[in-house]
Structures are given as structure tokens and as C-alpha cells.
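Computed over heavy atoms, backbone and side chain alike; hydrogens, waters and symmetry mates excluded. Computed from a predicted model, the values in this text were never measured in an experiment.
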Amino acid sequence: MNSMEGTVFAMPLKKMKGQRRKHEVGDVFALQLDDSSYRFGRIVKLGESGPQGRFPGGILAYIYDVESGDPEPDLAGLTPDRLLMPPFFTMNWVWNKGYFRTVAHEHLGSAHLLKQHCFYDASTEGYVDDSDNIITDRAEPCGWFALANFEHFQKELDDALAGRLAPAPTPKKA
């Protein structure tokens with residue numbers, strides 16, 4: 001049995017009209033929650049991740065804790081200190097299916113990005129950055145170095161909205 005099977009989400013995502021488009025770094029997208037409010041995200045990196053290319057076509061994205069009744073975001077509020085959950089890797093299908101909808105574009109500068117991306121990598125039981133380079137120290141917010149399937153993403157989003165987001169694991173000391 002799937003560990004997510006039977007899970008009830010308090011704030012599931014509504015499907016909007018699907019989009020098939022070429023994504024760009026700096027694209028801002030909306031997510032519509034079941035209560036009809038919107039949250040926003042941003043694409044911060046496209047393409048393969050690292051020398052092993054573990055996520056060909058992967059999209060590194062942020063989701064912000066900025067709520068609105070309008071699908072058009074106030075771009076000034078979409079800053080790294082307003083992240084709702086750690087950065088995550090996803091694919092085009094969330095746009096194709098209508099769960100994410102690109103609503104704006106903004107050129108990214110250093111003020112739009114975390115100083116250090118950090119992900120727990122289960123294959124090495126350590127931390128890596130967004131390019132799959134090993135980093136020695138954990139930096140917050142620290143996510144998972146994996147492609148997010150929809151059920152896992154929705155559970156993490158629901159947990160973050162409810163204030164119960166579990167952080168990525170800390171490696172065991174030898």
C-alpha cells in the first residue's frame with residue numbers, strides 16, 4: 001500500500017487551465033488552493049542537475065508564503081525570506097495538468113535567491129547543492145534532492161500551510 005494512500009489534505013490544490021510552454025528562469029507561477037486563495041512560486045533553475053544529470057529537464061522552484069485572492073502576485077513580496085517550504089525539484093507536468101500556472105516573469109538577481117541551496121541526498125546520506133555538489137554544512141531551508149511527485153509535493157505543501165513541515169533528515173554521525 002502506498003504510504004500516501006488514504007491521506008486527506010486540508011488544503012488540496014485546485015486544477016486551473018493547463019499550460020504547455022517553454023519555461024524560463026524567473027517565471028512566476030500561481031497555485032490555487034481549495035479555498036480559492038493563491039500562493040506563488042518561482043522557477044530558479046532549469047535543466048540537468050549536476051554532472052550525473054539526475055534530473056534531466058528538472059525545474060528547481062520556490063514556493064512563497066504570500067497569500068492572495070488574486071492570481072497576479074506582488075513581485076516585491078516574493079523574496080527568499082518568505083519561502084513557505086524548502087526549494088524542490090519538479091517537472092513540466094504540474095503546468096501541463098494545471099496545478100501551476102505561469103502568471104509573470106521577472107529577471108532574477110541575487111536578492112531573489114537563497115545564498116546557498118541545500119538538499120539532503122539519500123544516496124550519499126549527506127548534503128548537496130542544486131548542482132549536485134557535496135556541501136559540508138547544512139543550510140536552511142534544506143529540502144530533498146529528489147524529484148517531487150505530486151502526492152509528496154501536496155503533502156509537503158499542506159504540512160507547510162498548517163505549520164507542521166518536517167525538515168529533511170540530518171545524516172547520522174559515524
Side-chain angles (χ1 to χ4, degrees), residues 3-4 7-16 23 25-46 49 54-55 58-69 71 73-95 97-104 106 108 110-122 126-132 135 137-171:
S3 63
M4 298 279 183
T7 301
V8 176
F9 299 105
M11 219 30 108
L13 293 175
K14 277 187 172 180
K15 284 179 99 172
M16 300 174 280
H23 301 291
V25 170
D27 282 353
V28 175
F29 55 91
L31 303 80
Q32 188 175 27
L33 302 179
D34 200 32
D35 68 357
S36 295
S37 69
Y38 294 90
R39 294 296 194 286
F40 303 97
R42 183 188 313 265
I43 295 174
V44 297
K45 186 175 182 178
L46 294 171
S49 175
R54 288 201 247 178
F55 308 134
I59 298 167
L60 178 59
Y62 293 171
I63 300 288
Y64 300 94
D65 188 18
V66 174
E67 183 179 357
S68 177
D74 173 5
L75 296 176
L78 305 183
T79 57
D81 62 326
R82 296 291 310 266
L83 291 181
L84 177 64
M85 54 193 271
F88 64 97
F89 291 95
T90 191
M91 299 293 280
N92 286 334
W93 68 267
V94 286
W95 281 267
K97 297 290 185 185
Y99 292 108
F100 293 178
R101 183 155 186 82
T102 300
V103 294
E106 181 178 35
L108 291 187
S110 60
H112 296 104
L113 300 170
L114 291 168
K115 289 182 180 21
Q116 172 74 63
H117 287 118
C118 176
F119 301 94
Y120 177 76
D121 181 9
Y127 301 113
V128 296
D129 66 10
D130 55 294
S131 295
D132 203 7
I135 56 175
D137 296 319
R138 180 183 178 112
E140 296 300 336
C142 190
W144 294 86
F145 196 70
L147 282 173
N149 70 42
F150 186 69
E151 286 181 344
H152 180 78
F153 171 77
Q154 187 147 329
K155 180 176 182 335
E156 282 202 2
L157 178 65
D158 190 58
D159 286 348
L161 290 167
R164 58 179 188 264
L165 185 63
T170 300

Inset, instruction - Give a yes or no answer on whether the side chain of Tyr62 reaches the backbone of Leu114 with a donor-acceptor pair at less than 3.5 Å. - result: yes
Inset, instruction - Using modelled atom types only, decide if a donor and an acceptor are shared between the side chain of Arg42 and the backbone of Val28 within a distance under 3.5 Å. - result: no
As an exercise, state the distance from [atom1] of [X] to [atom2] of [Y], rounded to the nearest 0.5 Å.
X: Arg82; Y: Tyr64; atom1: CZ; atom2: OH; result: 11.0 Å
X: Met85; Y: Glu156; atom1: CE; atom2: CD; result: 5.0 Å
X: Glu151; Y: Asp158; atom1: CD; atom2: CG; result: 13.0 Å
X: Trp144; Y: His152; atom1: CH2; atom2: NE2; result: 7.0 Å

Legend entry - ring pair (Phe, Tyr, Trp, His ring centres under 6.0 Å) against His23, all qualifying residues, sequence neighbours excluded: Trp95
Inset, instruction - Could I get the full list of ring pair (Phe, Tyr, Trp, His ring centres under 6.0 Å) partners for Phe153, not counting sequence neighbours? - result: Phe88, Phe100
Does any part of the side chain of [Y], heavy atoms only, come nearer than 4.5 Å to the side chain of [X], both counted from C-beta?
X: Phe119; Y: Pro87; result: yes
X: Lys115; Y: Pro80; result: no
X: Val44; Y: Asp130; result: no

What's the shortest heavy-atom distance between [X] and [Y], and which atoms?
X: Phe29; Y: Ile63; answer: CE1-CD1, 3.7 Å
X: Ala30; Y: Tyr38; answer: CB-CD2, 4.1 Å
X: Asp129; Y: Gln116; answer: CB-NE2, 3.5 Å
X: Leu83; Y: Pro141; answer: CD1-CG, 4.1 Å
X: Val66; Y: Arg39; answer: O-CD, 3.4 Å
X: Pro73; Y: Val103; answer: CD-CG2, 3.6 Å

Legend entry - Working for side-chain contact (heavy atoms from CB on, under 4.5 Å), residues Thr90 and Leu147: CA-CA 5 Å; Thr90 191; Leu147 282 173; 5.7 Å; no
Inset, instruction - Tell me whether the centres of the aromatic rings in His117 and Phe145 are closer together than 6.0 Å. - result: no
Inset, instruction - Given side-chain contact (heavy atoms from CB on, under 4.5 Å), test Ile59 with Val94 step by step and report yes or no. - result: CA-CA 11 Å; Ile59 298 167; Val94 286; over 6 Å; no
Inset, instruction - Can you sort out the partners of Ser36 under side-chain contact (heavy atoms from CB on, under 4.5 Å), two or more places apart, ordered by chain and number? - result: Lys14, Gln32
Inset, instruction - Could you give me the CA-CA distance, side-chain angles and deciding distance for Thr102 and Ile43, then say whether side-chain contact (heavy atoms from CB on, under 4.5 Å) is met? - result: CA-CA 10 Å; Thr102 300; Ile43 295 174; 5.5 Å; no
